[in-house]
Amino acid sequence: MTSTERRSAVSLASIFALRMLGLFMLLPVIRILGADLEGATLPLLGLALGIYGLSQAILQLPLGVLSDKIGRKPVIYGGLLVFIAGSLVAGFSESIWGLIAGRALQGAGAIASAVMALAADLSRPQQRSKIMAMIGASIGLAFAISLILGPLLANWLSLQGLFFVIAALATVALVVAATLVPKGGQASSVHLNLSFAERWRYVTAKGRIFVLALAVFVIHWSLVAVFMIVPEKLETSGFELSQHSWIYLIVLVLSIALMVPMMLRAERKKKHRQIMQLAFFVIVLALASLFSGFTHIAFWLVVLTLFFAGFNLLEAKLPSTVSNLFGSQYRGTALGIFSTSQFLGAFLGGSLTGYLLPKLGVDGILYMNIALAAAAGLALAFLGKLPEVQKVVIQLSDKNEESGKKAQISALKMPGVMEAVASGTEGKVYLQVDKSRISQKDLMTLGQIES
């Protein structure tokens with residue numbers, strides 16, 4: 001990676017990690033400590049836990065589209081400020097309804113699609129999987145750390161105090177966004193004046209975005225469902241709750257060590273779709289293993305490592321695939337659809353699993369999740385051939401800003417051109433194209449193709 005790509009990866013992963021660390025710290029404590037709030041009931045505590053995902057799902061697409069129009073950073077700044085406000089509302093609240101309102105406001109700071117679009121804007125196609133993997137790994141690490149810190153801090157500071165810590169972490173994320181994330185929030189300085197309907201038609205034309213949205217919906221449904229089943233199974237296997245954090249931490253480290261070689265092989269062999277299907281097969285295998293009655297620590301480490309290896313690989317590959325399918329003109333819209341499905345999967349995976357678990361039992365929930373994962377893996381076959389992204393440099397006849405801008409707009413209208421950046425002073429246009437869709441004849445209308 002270039003220095004800009006490394007800086008982008010580290011800073012954007014830090015924003016994700018700081019924000020998610022605070023959110024994950026709530027998972028092991030909100031149901032227990034929230035019971036002391038005025039008006040608290042079990043269904044309302046469940047709503048407080050899940051409503052964050054619902055407001056995220058509702059707003060990811062609108063904010064993704066907005067980031068296409070006004071830039072990524074303004075959306076990220078605004079989203080973090082809203083998230084901080086929600087944390088403070090919940091922190092100052094003494095009733096369950098104040099907690100619900102604060103959680104809903106936290107979710108309204110829906111910046112995931114804008115952050116992922118910015119990561120794609122600031123990276124080359126062949127490096128995007130690595131950057132998405134770093135973001136995914138940062139979320140996994142934040143999750144592991146939060147399971148240790150959450151109960152400790154909540155016991156010391158109370159639930160309300162924990163929300164103030166979350167607000168402080170989000171403030172640090174805001175400072176990182178303003179000072180460390182490289183400039184150049186868009187890959188292109190010129191944008192076509194497209195309506196939402198035009199963007200929507202382009203993004204959904206071949207249905208690929210819906211296949212990828214289904215895949216991310218399923219993995220986040222399964223993630224939440226697994227954490228409604230596995231903790232109890234670990235306890236019945238003889239592992240106390242205080243030991244779970246370390247089991248998860250070991251598993252996440254092992255899963256990343258297993259995931260990285262798989263992902264690098266996919267990059268070298270250009271087998272992106274096949275490796276994603278393999279990841280779903282690994283998830284199905286891990287879920288099916290939970291039907292057994294094994295209780296040894298080695299069993300749990302293997303099964304959970306398989307699950308998280310599949311999950312983490314898909315968490316990295318799916319958004320990078322979306323980013324490579326759609327150029328900067330449409331990326332925010334596409335990632336908005338994608339992120340909406342992601343958070344909707346988490347919301348429904350938690351709420352419906354909680355509702356159905358007493359009715360279907362653990363085995364019934366496992367069968368449901370296996371069926372969903374198998375269906376999503378099979379659906380990936382409909383992606384077809386993925387873009388063969390290639391860099392092309394066009395030498396213009398005139399070296400001025402006006403010629404560069406005209407050539408850039410013309411390029412963006414060509415089928416197969418994903419991104420176009422003009423340099424009027426150099427008299428060049430730098431293109432990212434799908435070489436399976438672009439014709440040399442079209443490119444030559446812009447100027448001389450550099451060898």
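Keep in mind the model is a prediction, meaning the values are calculated, not measured.
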Inset, instruction - Look only at the side chain of Ser55 and the backbone of Ala104, and say whether a donor-acceptor pair between them is shorter than 3.5 Å. - result: yes

Inset, instruction - Check the angle between the aromatic planes of Phe311 and Phe307 and answer parallel, tilted or perpendicular using the 30° and 60° thresholds. - result: parallel

Inset, instruction - Using atom types as modelled and distance alone, determine if a side-chain donor or acceptor of Arg103 lies under 3.5 Å from a backbone N or O of Tyr52. - result: no

Legend entry - For Gln160, all residues meeting side-chain hydrogen bond (donor to acceptor under 3.5 Å, both in side chains), sequence neighbours excluded: none

Inset, instruction - Write out all pairs satisfying side chain to side chain donor-acceptor pair (under 3.5 Å) with one or both partners inside residues 85-100, taking only residues at least two apart or from two chains. - result: Ser87-Gln106

Legend entry - Counterpart residues, side-chain hydrogen bond (donor to acceptor under 3.5 Å, both in side chains), relative to Ser341 (two or more places apart): none

Legend entry - Arg7 (side chain) donor-acceptor with Leu180 (main chain) under 3.5 angstrom: yes

Inset, instruction - State whether Phe382 and Arg208 meet the cation-pi test: NZ (Lys) or CZ (Arg) under 6.0 Å from the six-membered ring centroid, and within 45° of the perpendicular axis. - result: no

Inset, instruction - Would you confirm whether the ring centroid of Phe92 sits within less than 6.0 angstrom of the ring centroid of Phe163? - result: no

Inset, instruction - Check whether any side-chain N or O of Gln342 sits under 3.5 Å from a backbone N or O of Val216 as a donor-acceptor pair, and report yes or no. - result: no

Legend entry - CD1 on Ile209 to CG on Leu325, rounded to 0.5 Å: 7.5 Å

Legend entry - is_close_aromatic(Phe347, His220), centroid dist under 6.0 Å: no

